[in-house]
Every structure is written in structure tokens, then in C-alpha cells.
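Below you'll find the structure, written out as C-alpha cells, and then a few comments.
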Number of protein chains: 2
Amino acid sequence: MKNEFLKNWDTQLKKGLLPFFVLQALNQKECYGYELIQTLKDSLGIEVTESTIYPLLIRLMKEDLLIHKWVEQQSGIPRKYYFITEVGKSNLAEMQKSIVEIIEKIQQQ
Amino acid sequence: MKNEFLKNWDTQLKKGLLPFFVLQALNQKECYGYELIQTLKDSLGIEVTESTIYPLLIRLMKEDLLIHKWVEQQSGIPRKYYFITEVGKSNLAEMQKSIVEIIEKIQQQ
DNA sequence: TTTAATACATCGTATAACAAAGTATATAAA
DNA sequence: TTTATATACTTTGTTATACGATGTATTAAA
């Protein structure tokens, strides 16, 4: 079991990595919010709650990195699908560069 | 020049990585606060201000990951040297494991 | 004598994850 | 039938932490 310090640290680390992982995921395939939570968990082992993901998606839309489209379902609640924009793609590319640099710094020490 | 989104993202990423880099640096060699700012910049290219590093060091001491010792100088202001504790070392080891896992996740996609 | 570098400290602000609570639909179990 | 569970989106309040701004003090160089 992780101690308080490590749990807290994990949370802070997530603050930086989550926007990157979300843009990365949406760059590969459009998703709706609830689906994204599953995707992050299944493919990356990253656990996020709805109260984290929905405000984040709203923020990324305000920054013009994402757009959304409501899609009605034959049954059940409509889904809000998110798509990465060109702005989103260029920002993601910058983020990838930064991440690669940081990884190199971590590995070279 | 980075846009607002990316500058902000850099800051958030730092929130997670900084405690790791600080512990890592102090694990290699004890430092005083002002020296640590130079070390982080010179060896990792990470720019932090005093209003970031001093509260962080205080926090890591409260968590028992660090201890400090004042060292008087022949001339000038006394220096507060920080040393990593056993608790600090074990937490750093956990952080290293997490970081390695995250790097693997980033690289495998 | 004034500027800059060294060295430590603190206050206020902004950002963002997350718990908690809420709304709504659909299905399976009791 | 009622209840629980899963799906799907939203918002409010709390908490953690980087950082700008500001302050104190010492020393050396311009």
C-alpha cells in the first residue's frame, strides 16, 4: 500500500501527464468521455474519475485543442464524442518533444 | 515561443517531476537550496525559482524524506544543507519504479 | 555608492485532480 | 415490482503546489 506522500505525488504527476495521454488517445481515435476513462485504464493503467476527465475535456475544448459532437444512440444516453483539432495536433507534437527530452534527462542520470 | 497552454502544461508537469528530481539530486549529493536551483538547471535544464524550491524542501522535510544541517561559511550567509533520509531513499525507489512504468507506457504506444 | 550575485523565507494567486453529489437511461437481479 | 448496477454526462467544494512578488541579509564588483 502506498503512503500519503506517494499517493499525493501520483496525483500531481497525473496533472502533467493526463492532458498528454488524453490528446494522444484522441489523436488515435475519437472517443466519448466515459469511453476515454476505460481506454486510459485498459491501455495505460491510468485510473481517472469522471470529475477529472470531464473538466479536462472542457478545458481542452476551450483551448481549441478538441471539438465535440453529440451522437444519439438507438438506446440509452447520447454520447459526446471528442475529436482532436489541428491546433490540438500541433500542441500534442510539442508535448511529445518535451516528454522525450524529459525521458532522456531521466535516463541519462 | 510556447503558447499559454504549453507553458501552463510545463508547470503542471513540473509539479509531478520536481519532487522526484530533487530527491534524485540529493540522493547523489547533499546540496543547499540555492545550489540545488543551479544543479537542476545545469544538469537537467529544469528552471525553478526560489519560491518553488524552498517550500518544496520544507515539505519534503515535514514528510521526513529530508533532514537539514546549517553550515556556517568563512564569509557570507550560512547555508542550509539538505540530506536524504532512509525514508527518502525508499520513497525515491518507489518513485523510480513508477516513472519507469510510465516511460514504458509512453514508449509502447 | 550602487548594482549584482549569493542565500534564505513567505504571502497571495492560479491551476487542476478528485470526492461527492446530482441527473438520466437501460438492464439484470431480488 | 422494486432495487441494484452499469452507462453517460455535469457541477461544487476542497486540496495541493508552482510561481510571481516581495522581503531580509551578506559580499564583491562596477
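So you know, we letter chains A, B, ... as the sequences are listed, proteins then strands, and number each from 1. Every heavy atom of this structure was used, including side-chain atoms; hydrogens, water molecules and symmetry mates were not.
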Margin query: Using a 6.0 Å cut-off, check whether atom NZ of A:Lys29 has over 12 heavy atoms from anything other than its own residue.
Written below: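 Yes.
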OP1 or OP2 of [N] sitting under 4.0 Å from any side-chain N/O of [X]?
| X | N | answer |
| --- | --- | --- |
| B:Arg79 | C:dT6 | no |
| A:Lys14 | C:dC18 | yes |
| A:Lys80 | D:dT10 | yes |
| B:Tyr54 | C:dA9 | no |

So if I take every side-chain heavy atom of [X] and compare against [options], which nucleotide ends up nearest?
| X | options | value |
| --- | --- | --- |
| A:Leu56 | D:dA16, C:dT6, C:dA17 | C:dA17 |
| A:Ile58 | D:dA28, D:dT11, C:dC8 | D:dT11 |
| A:Tyr34 | D:dT10, C:dC8, D:dA8 | D:dA8 |

Does the base of C:dT15 carry an N or O that pairs as donor and acceptor with the side chain of B:Lys15 under 3.5 Å?
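Check passes, donor-acceptor contact within cut-off.
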Quick check: any donor-acceptor pair below 3.5 Å linking the side-chain of A:Ser51 to the base of C:dA19?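 Such a pair exists between side chain and base.
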### Task
Could you pick out which residue, A:Val48 or A:Gly76, lies toward the 5' side of DNA chain C when each is mapped onto its nearest nucleotide?
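Nearest-nucleotide comparison on DNA chain C picks A:Val48.
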- Message: What contact category does B:Trp70 fall into here, base, sugar-phosphate, or nothing, at under 4.0 angstrom with non-hydrogen atoms?
- Response: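 It contacts sugar-phosphate atoms only.
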**Asked** Nearest nucleotide by nearest heavy atom, which residue falls closer to the 5' end of DNA chain D, A:Gln73 or A:Gln12?
**Response**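 In this pair, the answer is A:Gln73.
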Stepwise side chain to side chain contact (heavy atoms under 4.5 Å, CB included) check, B:Tyr32 with B:His68: CA-CA 9 Å; B:Tyr32 55 98; B:His68 77 264; over 6 Å; no
